[in-house]
Number of protein chains: 2
Amino acid sequence: MMSNSTDAYQQHDHHRCLKTALAQAKNRCIARKARLTPIRESVLHLLWQSHRPLGAYKIIDQLSEETGKRVLPPTVYRALDFLLELGLIHRLATLNAYIGCPFPDSAHSDCFLLCRECGSVAECSTANVNKSIASTAEQAGFLVESQTVEILGLCTPCQEKMPQPNKAKPIKPEADE
Amino acid sequence: MMSNSTDAYQQHDHHRCLKTALAQAKNRCIARKARLTPIRESVLHLLWQSHRPLGAYKIIDQLSEETGKRVLPPTVYRALDFLLELGLIHRLATLNAYIGCPFPDSAHSDCFLLCRECGSVAECSTANVNKSIASTAEQAGFLVESQTVEILGLCTPCQEKMPQPNKAKPIKPEADE
DNA sequence: GAATAAGTGTAATAATATAACAATCTTTAC
DNA sequence: GTAAAGATTGTTATATTATTACACTTATTC
Ligand SMILES: [Zn+2]
Ligand SMILES: [Zn+2]
Ligand SMILES: [Zn+2]
Ligand SMILES: [Zn+2]
């Protein structure tokens, strides 16, 4: 199983994630004779700020701030479409948000682990899930063309931080401000 | 494997689907001491018109037409929330649309087969998919709380209607008008 | 260096969903 | 029965996500 879950949820050398992602993006653009223009690269860069997905309008805001001038929706959506097309990013349907793909070069059906606590998302490539989906579909006489698998729950660090299971949830002492 | 794929994609006694769904809904409401008010029942009824999911605003329009007066978004969204809460319908994240659940009484993780051609959606309950997802998550140290599995492709009838694979797609003779 | 294609700027709007508060209807308790 | 409490609905406004259409600019091709 291919997965970036250890990186995604923990302290790690994220600068390396970013560097790798940008390098892969450049390669892929060359291979596809596509242009990684400044806007597109900025959007990809923003999406690789962390392992937390970003909504399109968050990107718009950040990009506006970065460049000092008002960036409008089509600009960002076009960049997102380009990056999606090239497989450099993914869209998370359950969040209406976008995230950089850590494995753009390997053919992979996407399976995402969304931590509801810290917001980080890991991506897995799993033959098992794909097989079980294929077999389920086959039993129904259904021809699979693409699939969306998004799993919501808690990553390891967040599980450890959470109140113990089977115990009453302690009332949080901090005020809600 | 539990699935309504044979019904969903083919000619069948859909009136029976509808009747069953409404009966199950009523039972469930009684069991949960919840009220299946006229609005809620209408929305459920609309969602069971067919096996094609409906967007919230389609429901608003149809309900407005049905009742002769302008139904507003919160009315429908509240009914949808109620029905979702009771497990009588599901929301399809990839379509932003809603569909009646054929198995509200059985505990099931949802797995949907969305036909891109006819728009019908079948729901499957599959131990295999759940197991493979659970095992994938476990390998990543991830605690699963819920999951979204939406599979896009072609149902059996639509496969048969499609141009043969491995042959060049014939240029459609009909004008686009 | 024109012609073409690709990318970007801009204004407007579509599509989906929620917040906030008032009004009404149901249920419960007395 | 009736008042109080709770649940549901009505209404206005607005938030969030995404697309259309067309003008303009930049890059590529011949
Ligand atoms: Zn990282
Ligand atoms: Zn987490
Ligand atoms: Zn049916
Ligand atoms: Zn079909």
Side-chain angles (χ1 to χ4, degrees), chain A residues 25-26 28-30 32-44 46-47 52-64 66-86 88-99 119 148 150 176, chain B residues 25-26 28-30 32-44 46-47 52-64 66-86 88-99 119 148 150 176:
Chain A
K26 275 169 191 167
R28 208 166 172 74
C29 285
I30 291 166
R32 300 279 201 92
K33 295 188 204 290
R35 291 173 48 209
L36 192 63
T37 61
I39 292 174
R40 291 166 177 175
E41 189 166 351
S42 296
V43 170
L44 184 61
L46 282 175
L47 287 177
R52 278 186 296 275
L54 279 181
Y57 279 71
K58 284 268 182 343
I59 297 173
I60 290 170
D61 292 344
Q62 292 196 25
L63 210 55
S64 296
E66 226 173 63
T67 63
K69 47 187 276 191
R70 185 156 178 62
V71 174
L72 294 166
T75 303
V76 165
Y77 278 104
R78 282 191 285 234
L80 289 172
D81 287 345
F82 172 88
L83 296 168
L84 284 168
E85 196 73 30
L86 258 74
L88 296 172
I89 65 171
H90 296 292
R91 179 174 188 278
L92 297 170
T94 56
L95 299 178
N96 295 330
Y98 303 83
I99 191 166
T148 297
E150 299 180 18
D176 218 32
Chain B
K26 276 169 192 168
R28 209 167 172 72
C29 284
I30 290 165
R32 300 279 200 90
K33 294 187 205 290
R35 290 172 50 207
L36 192 62
T37 61
I39 291 174
R40 292 166 177 177
E41 188 166 351
S42 296
V43 170
L44 185 60
L46 283 175
L47 287 177
R52 279 186 294 274
L54 279 180
Y57 279 72
K58 283 267 182 344
I59 298 172
I60 290 170
D61 292 344
Q62 292 196 24
L63 210 55
S64 296
E66 226 174 61
T67 63
K69 48 187 277 188
R70 187 155 177 62
V71 174
L72 294 165
T75 303
V76 165
Y77 279 102
R78 282 191 284 234
L80 289 171
D81 287 345
F82 173 87
L83 296 168
L84 284 168
E85 196 72 30
L86 258 75
L88 296 172
I89 65 171
H90 296 292
R91 181 173 187 277
L92 297 169
T94 56
L95 299 178
N96 294 330
Y98 304 83
I99 191 166
T148 297
E150 299 181 17
D176 216 32

For [X], answer base if it contacts any base atom (sugar-phosphate contacts may also be present), sugar-phosphate if it contacts only those atoms, and nothing otherwise; contact means non-hydrogen atoms under 4.0 Å.
X	result
A:Arg70	nothing
A:Tyr98	sugar-phosphate
A:Arg78	base

Any side-chain N or O of [X] under 4.0 Å from OP1/OP2 of [N]?
X	N	result
A:Arg91	D:dT17	no
A:Thr75	C:dT10	no
B:Tyr77	D:dT8	no

Rounded to the nearest angstrom, tell me the gap between atom [atom1] in [X] and atom [atom2] in [N].
X	N	atom1	atom2	value
B:Leu95	C:dA15	CG	C1'	14 Å
A:Arg40	C:dA6	CZ	P	11 Å
B:Asn96	D:dA18	CG	P	8 Å
A:Leu86	C:dG7	CG	P	10 Å
B:Leu80	D:dT9	CG	P	12 Å
B:Ile60	C:dA14	CD1	P	16 Å
A:Ile59	D:dT17	CD1	P	11 Å
B:Asp81	D:dT8	CG	C1'	13 Å

field: Result of checking A:Leu95, A:Ile59, A:Asp61 against A:Leu54 for side-chain contact (heavy atoms from CB on, under 4.5 Å)
entry: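 Single side-chain contact (heavy atoms from CB on, under 4.5 Å) partner of A:Leu54 among A:Leu95, A:Ile59, A:Asp61: A:Ile59.
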- request: Identify the residue among A:Leu84, A:Val43, A:Leu46 that makes a side-chain contact (heavy atoms from CB on, under 4.5 Å) with A:Tyr98.
  value: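 With A:Tyr98 as partner, A:Leu84, A:Val43, A:Leu46 yield a single side-chain contact (heavy atoms from CB on, under 4.5 Å), made by A:Leu84.
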message: Taking atom CZ as the centre, does A:Arg52 end up with more than 12 heavy-atom neighbours from other residues, nucleotides or ligands that are less than 6.0 angstrom away?
response: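 Atom CZ in A:Arg52 is not crowded, with 12 or fewer foreign heavy atoms closer than 6.0 Å.
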- prompt: From C:dG7, C:dT10, C:dG9, pick the nucleotide closest to the side chain of A:Ile39?
  reply: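 That would be C:dG9.
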task: For the side chain of B:Arg35, starting at C-beta, report the closest nucleotide among C:dT27, D:dT9, C:dG9.
output: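 Selected nucleotide: C:dT27.
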- prompt: Should the pair A:Glu85-A:Arg32 be classified as a salt bridge under the 4.0 Å nitrogen-to-oxygen rule?
  reply: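 Looking at A:Glu85 and A:Arg32, the cut-off is not met.
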- prompt: With a 4.5 Å limit on heavy-atom distance, are the side chains of A:Glu41 and A:Lys26 in contact?
  reply: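 Counting from C-beta outward, A:Glu41 and A:Lys26 do come under 4.5 Å.
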- prompt: Below 4.5 Å, heavy atoms only, C-beta onward: do A:Val71 and A:Val76 meet side chain to side chain?
  reply: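 When only atoms from C-beta onward are counted, A:Val76 and A:Val71 do touch, with a gap below 4.5 Å.
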task: Map B:Leu72 and B:Pro38 onto DNA chain D by nearest heavy atom, then report which one ends up closer to the 5' terminus.
output: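 In this pair, the answer is B:Pro38.
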task: Look at the side chain of A:Tyr57 and the base of D:dA15, then say whether one donor and one acceptor between them are separated by less than 3.5 Å.
output: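 No pair found.
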message: With side chain to side chain donor-acceptor pair (under 3.5 Å) as the criterion, how do A:Thr148 and B:Glu150 come out once you've worked through the C-alpha distance, each side chain's angles and the decisive distance to 0.1 Å?
response: CA-CA 5 Å; A:Thr148 297; B:Glu150 299 181 17; 5.8 Å; no
task: Give the angle between the helix axes at the two ends of the helix from C:dG1-D:dC30 to C:dC30-D:dG1, taking five base pairs at each end and rounding to 10°.
output: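 Helix axis angle between the two ends: 30°.
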query: Would A:Arg78 and A:Arg40 satisfy side chain to side chain contact (heavy atoms under 4.5 Å, CB included), going step by step from the backbone distance to the final call?
result: CA-CA 8 Å; A:Arg78 282 191 285 234; A:Arg40 291 166 177 175; over 6 Å; no
